[in-house]
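These notes concern the structure reproduced below.
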Amino acid sequence: MNYVIIGGSAASTAAAREIRQRDPGGRIRLFTRDPAFYSRCQLHLLASGHRQVAQANFLPHAWAERFRIEVFHDDAVTGIDTGQQRVRTSAGREAAYDRLLIATGARTALPPVAGLAGSRTFGFRDLADAEALRAALPGGGRLVIIGAGLVGCELAAELARDGHRVSLVEMAPHPLPLQLEAETGALAASLLSAAGIDLHCQDRVARVERDAAGLPVAVHLASGTALPADLMVVAAGVKANTELATGVGITTNRGILIDRQCRTNLPAIFAAGDVTESEDVIVHQIMPSAIWPAAVRQGQVAGAVMAGDTDSLARNTGLRASVSLCGTSVVAIGPVNQATADHWTKRVYRYRNSRGHRCVKIFFTDGCRLKAAILWGEITNAGVYGEAIINGRDIHDEQIVMPDLDGARRGIAELSIR
Amino acid sequence: MARCQSADTCLSAFLEKKSSVNTAFDRMDEQKLKCGYGELGVCCRLCSNGPCRVTPDSPKGVCGATADAMVARGLLRAVAAGSACYLHVVESTARRLKAIATGESPVRLRAEGALDELARQLGVSGGSVLEKAGNVADAVLADLYRPRHEAMTLVKRMALPKRAQTWEKLGLLPGGAKSEVFDALVKTSTNLNTDPVDQLLHCLRLGICTGLYGLNLTNLMNDVIMGEPEIRVARTGFSVVDPDYVNIGVIGHSHSVFAGLIQYLETPAGQQLGLVKGAKGIRLIGLTCVGQDMQLRAAGSGGAVFAGQAGNNFTQEALIATGAIDLVITEFNCTLSGMEPIAASMKTKLVCLDDVCKQTSSELIPDRYGHELELGQRLATLAADQYAARRGGVTIDIPVHGYADVVTGVSEKSLVKLLGGSLEPVIALVKNGTIKGIAGILGCSNLAAGGHDMTTVALTRELIKRDILVLSAGCTTGGLCNTGFCSPAAKEWAGPGLRAVCEQLGIPPVLNFGPCLAIGRIEIVVNLLAEAMGLDIPQLPVVISAPQWLEEQALADGCFGLALGLTLHLAQPPQILGSPVVTKVLTQDLEQLTGGKVLVELDPVKAANALEAVIMAKRAALGLEVPA
Amino acid sequence: MKTKIIDRSRCVGCKNCELACIVAHSPGGQLAGAYAAGIDKAVRARTKLEVDGDGKRFPQFCRHCAHPACVDACMSGALEKRADGLVICDPDRCVGCYMCVMSCPYGNARPSMGEAQIMIKCDACTDRACMACVAACPTGCLKVGEGTEAVVYNVVG
């Protein structure tokens, strides 16, 4: 059996490993446009220079040899021949497949803002983005980051820590709009501001002013504020790399649509990771699931099914995030912002722990089900709540029944706070 | 399962032979798993919100108490309890003296000369002997019962003037001793004092109460009542027990509690009680510190009826297991609970004279002032009756154990007498480097630091090898006697300088001062040395060690040593290591205040090196020759 | 293989397993030094004695799962399910993203709270003669036996 995998990150490598565990004799070829394996979650550390590319390799030592994967770096698949079941690559290779996995990820989406495209504007998705930014940073000057989601916030915090002058622009009323609600959002805003980041929420970039040489001068916001700018990083949304798929008739929406077995609408072709859209277990909607653990899970399912085994995405969700904001750990699980408008009950538990940290726990419940949670400042046991949310475990008397513990129940004392 | 070993190999062999008897040596293994929170001192049980234990996940108690507060509170509580124990002993001794003075008690004073000296030191007068005795007792009791805001008056009469000045400067002059204990309990109760430094200063005040009153005044009043120590040679070990006698084991710390019994046994009528039961007579067998006191003062009282000191605290279960003890009388610690089943199996009767040490199976026969001789007669009768009732059905097995040539009876006065009237010969030997310095090896024995007496013996061996003269008091000396260190032949283990001194004076390299109360006598010797050399105590090439300290009393004693400005070695730390503040104050900062500090080292060789280094540093500071 | 057997019914809540874990992972590995730099600098236990919703003690230990969620969530490659069945964290690779903390359904991936922001978890005391927590357990709640899994909860009560 010939397996071809397109992509070199979380989903593709997870799939390769699963296939090998089930099909010892199969030929597994992995093509990636990336020059090396590196963790995309560490781009901010690569940009700041606190980590080198070699350190960002997320695979075990001698991974390809151990699992007998033929890896082709710097070699993007440029076309799929579904009739012949072959792929062609930028390096001129051709590879026949019995099973094909598309795990091509996503790239920065540049918003349609006048003057934004041009020199000294960086996306932030790939190693090349991080390396370009790193090369530009020593020149100093002002850095404007557009978008205060996970990527924008982590990059802003990382660079501000090193003394760079950073502005951060966010359309929503507070940073991390998908992960935090108003109260924790306000806490995030004050943390970022305290770290020296010039934060502009509920505002958006109207245009970028450039000089005669085409170099940026200032970022003008809709509010009228002008932010002096020498460098700009766009971290406000991504676009799935669906081009290969659409060309051969694979159904896509914002991403490649897959079922619970990671199958596309075409036989023998599977997809996983940031390039896809699938059903989210928590909200039961078809949506991208742009987090590492979800990509790994999709890759595992795809690999297992490609090798003839059974597995399912039934419990997968992208609605989880862990972020460290200037030393404060935060975990958000579930659709925390949809919840606020819903009929769910919101309970907030604010406290300062005896190590002196300010902590907030927010729980959203729907009857006897925990639906979403935000843990701010103290995240130990976050996974226990996540387990209850993802697996829809009932809560009785403010307690979660723990998995595999024959009736042991984990109390959520915070739920009793009225 | 492994039985704890003793440095006293005869004792270990005997325990091996008596494997059907359960003793502390067996239970040590069962209890080997320790609670780390307890060891660090970071478990607080003071309220219903607790017990609270400090971990990185829960760094404060519910009340907000930090590890520093918990540790300091725990230490102060322990020191207060230890101090209370010694104050109980000095109080009852003073009340006995008072009862004798008023004629209520038939006990006779055996050392009137000592009374004159004591009265002079305390600034107490009196026409007759009894009047003087009464005034001494009153002066002591008045201080003990003072409120906390009134400083005790005898402190400055007992302490070296330079020390008293230091204490006054640091606010360490104690108020009434019992009030100091009382307020320490208040301070350490729920949601009260949480200032570790304030609590540590309170510990030092309690140390002064303990040392000057609990130790010294008890000794000096007991010298008056029971007679003064005189240097002599005696036997120690289980071999002091002769199965042909009615044998009464004595456990406790208050020599004069036995005044009536000794006085009665010294009479033909007393011995007759044993003779009529077919025994050769009735004798007392020393166990724990009160036996050490009997041995110390045997020249002045009870020499004929005291068989000798069998061993220290943890030998009592084994001694009862010999089957040769008919009656055990307890009046204080160290009364091990574990002796009860052994006593039951050996049909040994347990009698307790003070409810502070009442055991489940002991009969409480309270010692009442004025009824000492009746009590003595009753105890002797009980012992003789028990002898008659049990001897037929019990196997007696006494190991050959101990040494016949132990030098005993060393005190601050008998030592000076031995040296020809002053400490000058010792000072000269120290100054010329023949003896590098002096180490007090004091306190208890435990089973924890390497085994029974293991660290005490190993450290003592290392110190005398380094020409450091060892003075010992407490269960340490009980162990050292039974391992040969207090016999003249021990000079062979000493370095060349110390050995020559031993040969010249006919003394062993370890001077046996007797009970733990005599820690006070060793500290008087240190006072006298400082006085004679015109120095303050912290300047002297003198160190102390409680290598195998066991209990709260030892901590209170230790606090006295620290208040005196001495370097105090402990093989195991008190339960303080959970607090960086308390640990640092005791092991470092205190040296800037009193001159004293705690030095913790389990390894005896490293400990000896460290203590030698302290002595050498003090010699160097005095411009004394520092031998290589 | 060596299996850690946990019998909840024997747990008395002494938390000595926690402290033994702290000591075993402290520089120097001695109780005496574990808190010496102050409680804020002491290492955190890899395990935690929790109380379950019924008020019963619940020793919360890493199970070294067959399909470990922490490993699936690890974006740095620090966490690995090894061939010997143990789930081990390489602290040099960990960048402290805490997605493992977010993902472990049992709460056994924990933030270090130390100077280095990394995750900490049970390492089964592989570099020690015996598991520190088992050696410190006075009640028999924690034992070592032979089995096919690294950890077994032998649940009673």
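Just so it is clear, the values below take in all heavy atoms, side chains as well, and ignore hydrogens, waters and symmetry mates.
Of the two parts of A:Ala14, neither the backbone nor the side chain holds a non-hydrogen atom closer than 4.5 Å to a non-hydrogen atom of chain C. In this structure, the portion of C:Asp92 lying under 4.5 Å from any heavy atom of chain A is its backbone and not its side chain. A:Glu154 does not touch chain C: none of its heavy atoms, backbone or side chain, sits under 4.5 Å away.
Across all their heavy atoms, A:Trp292 and C:Ala73 have their closest contact at CD1-O, 3.7 Å. Here the shortest heavy-atom pairing between A:Pro60 and C:Arg93 reads CA-NH1, 4.1 Å. Residue C:Cys94 comes nearest to A:Arg51 through the heavy atom pair O-NH2, 3.8 Å, listed as atom of the first residue, atom of the second, then distance.
Each of A:Asn57, A:Val323, A:Ile333 has some count of heavy-atom pairs under 4.5 Å with chain C, and the biggest count is that of A:Asn57. Of the listed residues (C:Ala109, C:Cys97, C:Cys100, C:Cys70), the one with the most heavy-atom contacts under 4.5 Å to chain A is C:Cys97. Listed options A:Gly386, A:Ser9, A:Ala332, A:Ser324 were ranked by heavy-atom pairs under 4.5 angstrom with chain C; first place goes to A:Ser324.
Between the side chain of A:Arg40 and the main chain of C:Met75, no donor-acceptor pair closer than 3.5 Å is present. Side-chain atoms of A:Ser39 do not come within 3.5 Å of backbone N or O of C:Ser76 as any donor-acceptor pair.
Heavy-atom contacts from other residues, nucleotides or ligands closer than 6.0 Å to NZ of C:Lys81 number more than 12. The environment of CD in A:Gln21 is crowded: more than 12 heavy-atom neighbours from other residues, nucleotides or ligands sit within 6.0 Å. For A:Arg22, the CZ atom is densely surrounded, since the number of other residues' heavy atoms within 6.0 Å is greater than 12. Within a 6.0 Å sphere centred on CD of C:Glu146, other residues, nucleotides and ligands contribute more than 12 heavy atoms.
At least one side-chain heavy atom of A:Thr380 sits under 4.5 Å from a side-chain heavy atom of C:Arg44. Looking at C:Glu50 and A:Asn381, their side chains come closer than 4.5 Å, going by heavy atoms from C-beta outward.
Considering NE2 of C:His67 and CZ of A:Arg297, their distance stands at 9.0 Å, rounded to 0.5 Å.
Of the listed residues (A:Leu375, A:Val330, A:Ile379, A:Val331), just one forms a side chain to side chain contact (heavy atoms under 4.5 Å, CB included) with C:Met102, and that residue is A:Val331.
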